[in-house]
Amino acid sequence: MSSTGTYVQPGAIAARAPANALVATSILGLFMLAAVVSAARKDIAQGFDEIAQVSYVAQIQHSGEAAPELNALRLLDPRTFAFTQAANYLNHPPPFYALLARIGPTLEGHPQALFVHRLLDIGIAALGFAALLGIGLAARLPRLEFYAYAVPLGCIPVLVPLAGAVNNDNLAFCGGAIAMLGIWQLLASGREAWLALALLGVVAAGWAKLTGLLLGAGLVSGVIGYLLWRKRLTGLHAWVWLAAVVLVFALAATPYLEYILRYGSPTPQTPAQIALIADGARAAGWSDLPRRSFPSYVVYFIGAFVADWMPTLGARNELNYAALVIPVETLCCALIGLAVSLRRLWRRQETALDVILAAGALAIGATFAIHVGYSYGRYAATGWLIDAYPRYYLPLIAIVPLACLSLLAAVEAPRWRNGLLAFLIAGPVIFRIFGAPLG
């Protein structure tokens with residue numbers, strides 16, 4: 001299979017590779033340090049459903065079943081870590097929780113074991129973060145362009161506290177990042193062995209949660225479709241790889257196929273989850289309000305999605321709301337960069353960057369459409385309004401800074417180019433500082 005090229009001309013910045021590697025190592029180290037501090041300080045009762053996630057792990061340790069009955073799951077007491085009679089509302093597949101149950105210390109009755117499990121999650125998230133930084137290093141970006149790619153990743157508001165908590169989103173993020181790295185190297189080098197790494201990432205993301213499967217499999221499917229379109233996979237050789245992709249996708253989807261057979265849905269609506277949604281909507285005063293039309297709900301959903309990019313338990317002030325313009329403008333830059341890449345693709349001038357952007361955008365768009373449709377169904381039934389979680393898209397989050405680099409490559413005027421570079425590097429830092437109330 002022939003290569004589709006890399007982001008820059010060969011040899012243009014090879015001398016700067018060691019400097020970029022040092023920066024990447026520093027950013028990764030700071031990420032892990034911040035996650036450890038967060039893990040040491042975080043209240044298990046606040047954010048990311050951590051008590052429910054930890055309880056799932058403890059249930060597998062207690063029962064010895066790798067895939068326990070969802071309706072039998074119970075919640076731990078957040079103080080004593082003893083099981084209560086309260087039902088656990090999670091409906092995620094069990095592989096992530098079974099992994100932690102096997103390699104981590106016993107949780108039931110041992111609150112002190114939580115920190116070790118959080119450290120395991122930090123390791124999983126750090127592996128994914130390293131994979132994303134690896135894409136920037138493999139692309140041989142000039143120094144400032146590398147900063148424009150890596151700094152936004154390091155400033156993702158939710159990533160550090162999520163990494164320092166027990167949560168299956170960490171495995172989904174890790175799997176998606178590995179899939180992206182494998183796909184990038186497949187396209188840039190033309191070596192089909194990298195597809196095996198990408199497929200490994202799809203399985204990891206898929207076994208974590210359904211959105212991870214949709215995003216990871218969508219990315220790989222888009223790239224495979226491109227290779228067939230460009231006739232870079234042909235003959236018997238192509239059929240062998242296609243068969244491997246189908247088999248791995250089936251493996252990644254196995255937990256959801258089992259759920260369909262067992263519960264009638266890949267995302268089972270257990271009594272505990274139904275009660276959580278209905279009771280939550282009633283307590284918030286949403287259940288009796290007139291329902292929005294679907295277009296109106298989509299507008300609300302997008303607004304909530306943007307606001308939750310910096311989740312906060314406190315009330316935002318005017319400065320915090322004003323800072324939201326930074327992620328909005330970044331997303332606009334990414335969309336323009338995507339359009340630039342699609343234009344290159346149409347003209348047969350594409351590089352690996354353009355192909356991965358097209359495939360990633362397709363996967364994100366399809367997943368987002370499913371997400372909105374599913375959420376609207378829950379809203380129409382109960383009035384529930386808390387479903388617009390940006391963290392679900394962390395498996396392919398690097399698509400955004402990569403798309404901004406695509407736009408940057410098309411800007412030739414030095415003044416505009418330098419201004420865009422400054423915004424891409426400084427904007428995420430400014431938002432990280434001012435995007436939410438202090439404390």
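We're numbering straight along the sequence, starting at 1.
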Distance-only donor-acceptor pairs under 3.5 Å for side chains of residues 29-37, two or more places apart:
none

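Side chain of T254 to main chain of A250: a donor-acceptor pair is present (N/O by atom type, distance under 3.5 Å, no hydrogens or angles). Panel note: side chain E108, backbone H62; no donor-acceptor pair is recorded below 3.5 Å. Of the possible polar contacts, none joining the R74 side chain to the T84 backbone as a donor-acceptor pair under 3.5 Å is found.
R292 and Y376 are not linked by any side-chain donor-acceptor pair at a separation below 3.5 angstrom, with hydrogens and angles left out of the test.
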Could you walk me through whether S38 and R118 pass the side chain to side chain donor-acceptor pair (under 3.5 Å) test, one step at a time?
CA-CA 10 Å; S38 177; R118 286 177 170 175; over 6 Å; no
Does the side-chain contact (heavy atoms from CB on, under 4.5 Å) test come out yes or no for H92 and F96, once each step is laid out?
CA-CA 9 Å; H92 296 304; F96 167 75; over 6 Å; no
For side chain to side chain donor-acceptor pair (under 3.5 Å), just list the numbers for T367 and T211, CA-CA rounded to whole Å, side-chain angles, deciding distance to a tenth of an Å, and then say yes or no.
CA-CA 7 Å; T367 303; T211 49; over 6 Å; no
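The six-membered or imidazole ring of F301 lies near that of H371, with a centre-to-centre distance under 6.0 Å. Taking the six-membered ring where the residue is Trp, the centroids of F368 and F305 are separated by under 6.0 Å. Here F294 and Y297 keep their ring centres 6.0 angstrom or further from each other.
Side-chain contact between L213 and W207 is absent, with no heavy atoms from C-beta onward closer than 4.5 Å.
Partners of Y89 under the side-chain hydrogen bond (donor to acceptor under 3.5 Å, both in side chains) rule, at least two apart in sequence or in another chain, are D49. For R102, there are no side-chain hydrogen bond (donor to acceptor under 3.5 Å, both in side chains) partners two or more places apart in sequence or in a different chain. Residues satisfying the side-chain hydrogen bond (donor to acceptor under 3.5 Å, both in side chains) test with D169, not counting sequence neighbours, are K209, R391. With sequence neighbours excluded, the residues that form a side-chain hydrogen bond (donor to acceptor under 3.5 Å, both in side chains) with Q269 are Q273, Y374.
Between Y149 and F146, the angle of the ring planes lies from 30° to 60°, which puts this pair in the tilted group.
Taken from CD1 in I277 to CD1 in I274, the straight-line distance is 9.5 Å, to the nearest 0.5 Å.
Sequence neighbours left out, the pairs with a member in residues 97-124 that pass ring pair (Phe, Tyr, Trp, His ring centres under 6.0 Å) are Y56-Y97.
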